[in-house]
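Start at 1 with the first residue, then count along the sequence.
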Amino acid sequence: MKKARIFKPSKNAMQSGQANSQSWVLSFEPGSASKRDPLTGHISSSDTNRQVKLTFPTQDAAISYAERQGLDYQILEPKTRKRILKAYSDNFATGRIEGNWTH
């Protein structure tokens, strides 16, 4: 039986927005080990399911798809971000905790 993972991807570290992290992704776990080609050195595998990533708008939609297809699935819950709310002017406050102002 094929095994799948259902997860919500993390945000891109290079951007501040949450654009590609709102949908849920179903990806398959590797079914066979990767092998190195002796001539070229490239790594290949006969398992094509590792290339498939399906996106769903909700977690329930991903679960119902996995159950319809008869997949063993594992749900990886997303980690919540700890947000520190502060004003821009706090960077220039005289009583800052982060360190002394040197300019």
Side-chain angles (χ1 to χ4, degrees):
M1 184 174 266
K2 296 178 192 175
K3 291 188 176 186
R5 285 180 273 194
I6 298 173
F7 61 95
K8 197 170 189 180
S10 61
K11 78 174 197 71
N12 184 354
M14 302 302 289
Q15 301 290 329
S16 62
Q18 301 284 327
N20 293 330
S21 63
Q22 299 303 317
S23 60
W24 288 82
V25 176
L26 183 140
S27 67
F28 294 98
E29 292 185 5
S32 62
S34 300
K35 294 177 255 177
R36 181 179 296 272
D37 185 286
L39 182 62
T40 62
H42 292 260
I43 296 176
S44 64
S45 175
S46 61
D47 182 25
T48 57
N49 279 335
R50 68 172 33 170
Q51 301 171 1
V52 177
K53 289 187 178 179
L54 303 172
T55 58
F56 298 93
T58 63
Q59 180 183 7
D60 295 332
I63 290 171
S64 65
Y65 175 82
E67 289 173 351
R68 279 195 315 265
Q69 299 298 322
L71 300 173
D72 253 353
Y73 62 90
Q74 174 186 12
I75 299 173
L76 304 173
E77 293 294 331
K79 294 181 180 176
T80 57
R81 283 181 35 177
K82 180 183 175 188
R83 298 198 46 160
I84 301 172
L85 298 176
K86 61 180 182 178
Y88 178 71
S89 61
D90 291 342
N91 292 332
F92 305 102
T94 56
R96 296 184 350 150
I97 298 174
E98 288 91 17
N100 295 331
W101 186 257
T102 59
H103 297 333

> What heavy-atom pair brings Lys8 and Ser23 nearest, and what distance separates the two atoms?
Replying inline: CG-O, 3.7 Å
> Shortest non-hydrogen contact from Leu39 to Asp37?
Replying inline: N-OD1, 2.8 Å
> For Val25, which fellow cluster members are found when Ile, Leu, Val, Met, Phe, Trp and Tyr are connected by side-chain heavy-atom distances below 4.5 angstrom, either directly or through intermediates?
Replying inline: Phe7, Leu76
>> Measuring only between side-chain heavy atoms, which start at C-beta, is Phe56 closer than 4.5 Å to Leu26?
In response: yes
>> Are Tyr73 and Lys3 packed together at the side-chain level, in the sense that at least one heavy-atom pair is separated by less than 4.5 angstrom?
In response: no
>> Tell me which pairs pass side chain to side chain donor-acceptor pair (under 3.5 Å) where either residue lies in residues 46-64, with sequence neighbours left out.
In response: Ser34-Arg50
>> Is it the case that the side chain of Arg36 and the backbone of Gly41 share a donor-acceptor pair, with hydrogens and angles ignored and the cut-off at 3.5 Å?
In response: yes
> How many angstroms lie between atom CG of Asp72 and atom CD of Glu67, to the nearest 0.5 angstrom?
Replying inline: 11.0 Å
> Distance from Ile63 atom CD1 to Arg68 atom CZ, nearest 0.5 Å?
Replying inline: 12.0 Å
>> side-chain contact (heavy atoms from CB on, under 4.5 Å) for Glu29 and Gln74? Distances and angles first, verdict last.
In response: CA-CA 10 Å; Glu29 292 185 5; Gln74 174 186 12; 3.7 Å; yes
